[in-house]
Amino acid sequence: QVQLVESGGGLVQAGGSLRLSCAASGSTFNRYTVAWFRQAPGKQREFVSAISWIGAGTNYADSVKGRFTISRDNAKNTVTLQMNSLKPEDTAVYYCAAHRGVVTSTKPGTYDYWGQGTQVTVSS
C-alpha cells in the first residue's frame, strides 16, 4: 500500500507556472505508475498526465501537451508535474494517483491509491 500527498498548488496569473509534487510513502514507490488527474467544479475528474515505472514512459492529455511535464525521482519517492503557460481553464483540484501496473492509463478506475488533492487557480 502507498500513501500519497500532493503539494505545490496555489494562485497564479495566466501564463505563469506552478510545480506540483506528489510524495509517496509506505511501499515500493518505484514499482508504481503515477498519474495526475484534475477536477474542476461541476465537472468530472479528468486525466492530466502519467508516468510509468517501466522505462519512465509518459502520457499526456492533449490539453496539456507541450505545457506540462511529468517526471519522477524514485530515490526521493516523488513525482513532479511542472506546469507552464497556465490558462484559466487549468483551474481545478489536482490529484495524484498510483497503481502497480505499467500502463499509463487515462482512466481514474485504474488507479488504486489517491491523494487528497491540491488546488490550482489560474486568474485571467
Side-chain angles (χ1 to χ4, degrees):
Q1 192 160 346
V2 64
Q3 292 80 45
L4 305 172
V5 178
E6 304 95 336
S7 62
L11 173 64
V12 64
Q13 289 188 331
S17 298
L18 281 174
R19 188 179 183 91
L20 304 184
S21 291
C22 175
S25 62
S27 188
T28 310
F29 180 66
N30 62 358
R31 294 300 182 99
Y32 285 81
T33 290
V34 179
W36 288 94
F37 289 80
R38 66 187 182 187
Q39 189 166 18
K43 295 187 176 181
Q44 289 188 334
R45 192 165 296 191
E46 67 171 355
F47 172 79
V48 176
S49 183
I51 186 165
S52 175
W53 62 271
I54 290 287
T58 59
N59 191 7
Y60 294 92
D62 288 343
S63 60
V64 306
K65 279 181 182 176
R67 300 189 297 124
F68 291 10
T69 302
I70 192 169
S71 60
R72 68 189 299 158
D73 185 338
N74 289 332
K76 296 182 178 180
N77 282 3
T78 59
V79 169
T80 298
L81 185 69
Q82 178 66 43
M83 306 187 296
N84 298 328
S85 302
L86 283 161
K87 305 175 182 179
E89 51 264 43
D90 294 318
T91 295
V93 177
Y94 283 69
Y95 297 91
C96 175
H99 77 97
R100 293 196 65 133
V102 302
V103 176
T104 52
S105 174
T106 65
K107 300 178 180 179
T110 301
Y111 296 85
D112 301 308
Y113 306 102
W114 291 82
Q116 294 300 306
T118 185
Q119 177 71 47
V120 171
T121 303
V122 184
S123 63
S124 57

Between [X] (side chain only) and [Y] (backbone N and O only), is there a donor and an acceptor less than 3.5 Å apart?
{"X": "Asn74", "Y": "Asn77", "answer": "no"}
{"X": "Gln82", "Y": "Thr69", "answer": "no"}
{"X": "Ser49", "Y": "Asn59", "answer": "yes"}
{"X": "Thr118", "Y": "Gly9", "answer": "yes"}

Inset, instruction - List for me each residue that meets side-chain contact (heavy atoms from CB on, under 4.5 Å) alongside Val102, sequence neighbours excluded, and say none if there are none. - result: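 Testing Val102 for side-chain contact (heavy atoms from CB on, under 4.5 Å), a comparison that skips the adjacent residues, returns Ser52, Trp53, Ile54.
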Legend entry - All side-chain contact (heavy atoms from CB on, under 4.5 Å) counterparts of Gln1, not counting sequence neighbours: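 Per chain and number, Gln1 pairs via side-chain contact (heavy atoms from CB on, under 4.5 Å) with Gln3, Tyr113.
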Inset, instruction - Could you tell me which residues satisfy ring pair (Phe, Tyr, Trp, His ring centres under 6.0 Å) with Phe47, sequence neighbours excluded, listed by chain and number? - result: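 Expected list: Phe37.
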Legend entry - With sequence neighbours excluded, residues passing ring pair (Phe, Tyr, Trp, His ring centres under 6.0 Å) with Tyr95: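 Result, ring pair (Phe, Tyr, Trp, His ring centres under 6.0 Å) vs Tyr95: none returned.
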Do the side chains of [Y] and [X] get nearer than 4.5 Å, heavy atoms only?
{"X": "Cys96", "Y": "Trp36", "answer": "yes"}
{"X": "Gln13", "Y": "Val122", "answer": "no"}
{"X": "Thr91", "Y": "Gln119", "answer": "yes"}
{"X": "Ser71", "Y": "Thr80", "answer": "yes"}
{"X": "Thr104", "Y": "Thr33", "answer": "yes"}
{"X": "Phe29", "Y": "Arg72", "answer": "yes"}

Inset, instruction - Can you sort out the partners of Glu89 under salt bridge (charged side-chain N to carboxylate O under 4.0 Å, His left out), two or more places apart, ordered by chain and number? - result: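 Listed in chain order: nothing, the list is empty.
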Measure across [X] and [Y] and return the closest heavy-atom pair with its distance rounded to 0.1 Å.
{"X": "Leu86", "Y": "Leu18", "answer": "CD1-N, 3.7 Å"}
{"X": "Ala98", "Y": "Tyr32", "answer": "CB-CD2, 4.1 Å"}
{"X": "Glu6", "Y": "Gln116", "answer": "OE1-N, 3.1 Å"}
{"X": "Leu81", "Y": "Val48", "answer": "CD2-CG1, 4.1 Å"}
{"X": "Tyr111", "Y": "Ala50", "answer": "OH-CB, 3.8 Å"}
{"X": "Thr78", "Y": "Ala23", "answer": "CG2-CA, 4.2 Å"}

Inset, instruction - Using a strict cut-off of less than 4.0 Å between a Lys/Arg side-chain nitrogen and an Asp/Glu carboxylate oxygen, indicate whether Asp90 and Lys87 qualify as a salt bridge. - result: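 Result for this pair is no, no salt bridge flagged.
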Legend entry - Hydrophobic cluster membership, Ile70 vs Val93, 4.5 Å side-chain cutoff: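 Hydrophobic grouping puts Ile70 apart from Val93.
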Legend entry - Listed once per pair and sorted, the disulfide (SG to SG under 2.5 Å) pairs that draw on residues 24-85, sequence neighbours left out: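 Not a single pair qualifies under disulfide (SG to SG under 2.5 Å).
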Legend entry - NZ or CZ of Arg38 within 45° of Tyr94 ring axis and under 6.0 Å: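 No, Arg38 does not lie over the aromatic ring of Tyr94.
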Inset, instruction - List the steps, then state whether side chain to side chain contact (heavy atoms under 4.5 Å, CB included) holds for Val120 with Met83. - result: CA-CA 10 Å; Val120 171; Met83 306 187 296; 3.9 Å; yes
Inset, instruction - Decide whether Ser17 and Asn84 meet the rule of one side-chain donor and one side-chain acceptor closer than 3.5 Å. - result: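 Their side chains do contain a donor-acceptor pair, which is all the 3.5 Å distance test asks for.
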Inset, instruction - Show your reasoning for whether side chain to side chain contact (heavy atoms under 4.5 Å, CB included) applies to Arg67 and Tyr60. - result: CA-CA 10 Å; Arg67 300 189 297 124; Tyr60 294 92; over 6 Å; no
